[in-house]
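Notes follow the structure.
Lettering of chains follows the sequences in order, A, B, ..., and the numbering in each one begins at 1. Below, all heavy atoms of this structure are taken into account, side chains as well, without hydrogens, waters or symmetry copies.
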Number of protein chains: 2
Amino acid sequence: MTTTFGSFVRAKREKLRKQDSSFSLRRVAARIGVEPSYLSKIERGDHKAYLTEEKIRLLATELGEDPDVLLALSGKISKDVQEIIRRRPELFAQLIRDLKKMPDHAVLRIAREVRDGKW
Amino acid sequence: MTTTFGSFVRAKREKLRKQDSSFSLRRVAARIGVEPSYLSKIERGDHKAYLTEEKIRLLATELGEDPDVLLALSGKISKDVQEIIRRRPELFAQLIRDLKKMPDHAVLRIAREVRDGKW
DNA sequence: CATAGTATGTAGTATATAGTACACATAGAA
DNA sequence: TTCTATGTGTACTATATACTACATACTATG
């Protein structure tokens with residue numbers, strides 16, 4: 001069950017299509033601004049077909065999915081996140097490596113405390 | 001004083017060269033495995049010249065600099081850090097955005113507590 | 001059954017990324 | 001002075017990324 005960007009998008013689009021016929025490949029392609037043949041390639045996992053961050057964000061909005069998740073499935077990290085790390089690389093690169101082995105709930109706890117202004 | 005990848009590398013290399021003549025552009029280029037003309041372009045900031053992460057790491061080792069800093073100056077994020085974020089994108093992308101406005105000492109404190117196994 | 005809409009295959013394009021190869025002019029050391 | 005090493009300019013290359021354009025075949029519906 002290796003979820004790829006393509007299979008993930010196709011599955012979600014087909015699901016939405018059951019309720020709403022405007023979720024055909026052609027119509028969705030038009031809404032995000034690419035040719036249908038290209039979205040077709042992407043959904044089928046053509047290794048020479050990629051979307052830019054901008055189009056992935058539009059697609060995420062269309063499908064009601066988290067843009068960061070779709071970007072990740074496409075092998076990308078959001079530009080704004082990259083920029084934050086690039087500005088303080090020693091600090092962030094090391095912190096992320098340290099957080100690597102922590103379970104989700106621990107990372108979430110840190111995130112919550114950060115948001116609550118506990119620091 | 002906009003520090004670019006090129007100016008940073010050139011400055012550090014020239015500094016090392018004062019003590020050790022093996023830090024000529026040609027010799028360093030040979031050690032990291034690129035043509036001297038190419039390293040020359042890079043040090044002068046040619047916008048069509050880039051090094052791969054691998055060569056940037058070799059260069060960082062040569063110059064005694066932090067690889068993450070050199071990568072950042074080249075507009076890149078280490079592949080291992082990208083991979084960590086890609087595996088848990090909702091969690092990490094959001095945490096990094098939340099940490100954006102925090103001062104270094106606060107981020108450092110979190111990093112220290114994470115390393116000390118406080119979580 | 002006609003036809004509108006749908007997915008897909010093939011070919012081509014533009015720009016970015018990551019270099020090599022080689023000639024050239026100059027500065028330093030023997 | 002001769003030779004060696006140095007930095008740089010120019011031209012060329014290959015692959016990745018991010019698409020368009022168009023033809024074709026299928027599918028569903030009025």
Go through [range] and report each residue with a non-hydrogen atom lying under 4.0 Å from DNA chain C, sorted by number.
range: residues 48-62 of chain A; value: none
range: residues 35-43 of chain B; value: B:Glu35, B:Ser37, B:Tyr38, B:Lys41
range: residues 12-26 of chain B; value: none

- Message: Counting only heavy atoms not in A:Glu14 (residues, nucleotides, ligands), do more than 12 fall under 6.0 Å from its CD?
- Response: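 More than 12 within 6.0 Å, yes.
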- Got a second to check how far A:Ser78's OG is from B:Gln94's CD, nearest 0.5 Å?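 Interatomic distance, A:Ser78 OG to B:Gln94 CD, rounded to 0.5 Å: 10.5 Å.
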- Item | Spacing of NE2 belonging to A:His105 relative to CD1 belonging to A:Ile110, to within rounding of 0.5 Å |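 A:His105 atom NE2 to A:Ile110 atom CD1 measures 10.5 Å (nearest 0.5 Å).
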- Query: Which part of the nucleic acid, if any, lies within reach of B:Gly75 when heavy atoms closer than 4.0 Å are counted: base, sugar-phosphate only, or nothing?
  - Reply: nothing
- Query: Should A:Arg97 and B:Asp68 count as an ion pair when the cut-off is N to O under 4.0 Å?
  - Reply: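 Yes, A:Arg97 and B:Asp68 are salt-bridged.
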- Query: So, B:Glu53 and B:Arg57, do they make that salt bridge, N to O below 4.0 Å?
  - Reply: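 Salt bridge present between B:Glu53 and B:Arg57.
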I'd like to know if the side chain of [X] reaches the main chain of [Y], judged simply by a donor and an acceptor atom lying under 3.5 Å from each other, with no hydrogens or angles considered.
X: B:Tyr50; Y: B:Ile42; answer: no
X: B:Arg88; Y: A:Lys100; answer: yes
X: B:Gln82; Y: B:Ile77; answer: yes
X: A:Arg44; Y: A:Ser40; answer: yes

- Query: Cation-pi between A:Arg31 and A:Phe23: NZ/CZ under 6.0 Å from ring centre and within 45° of the ring axis?
  - Reply: yes
- So does B:Arg44 get a side-chain nitrogen or oxygen closer than 4.0 Å to the phosphate oxygens (OP1/OP2) of D:dG9?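 Yes, within the criterion.
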- Write down the distance between CG (A:Asp46) and P (C:dG12), rounded to a whole number of angstrom.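 After rounding, the reported distance stands at 17 Å.
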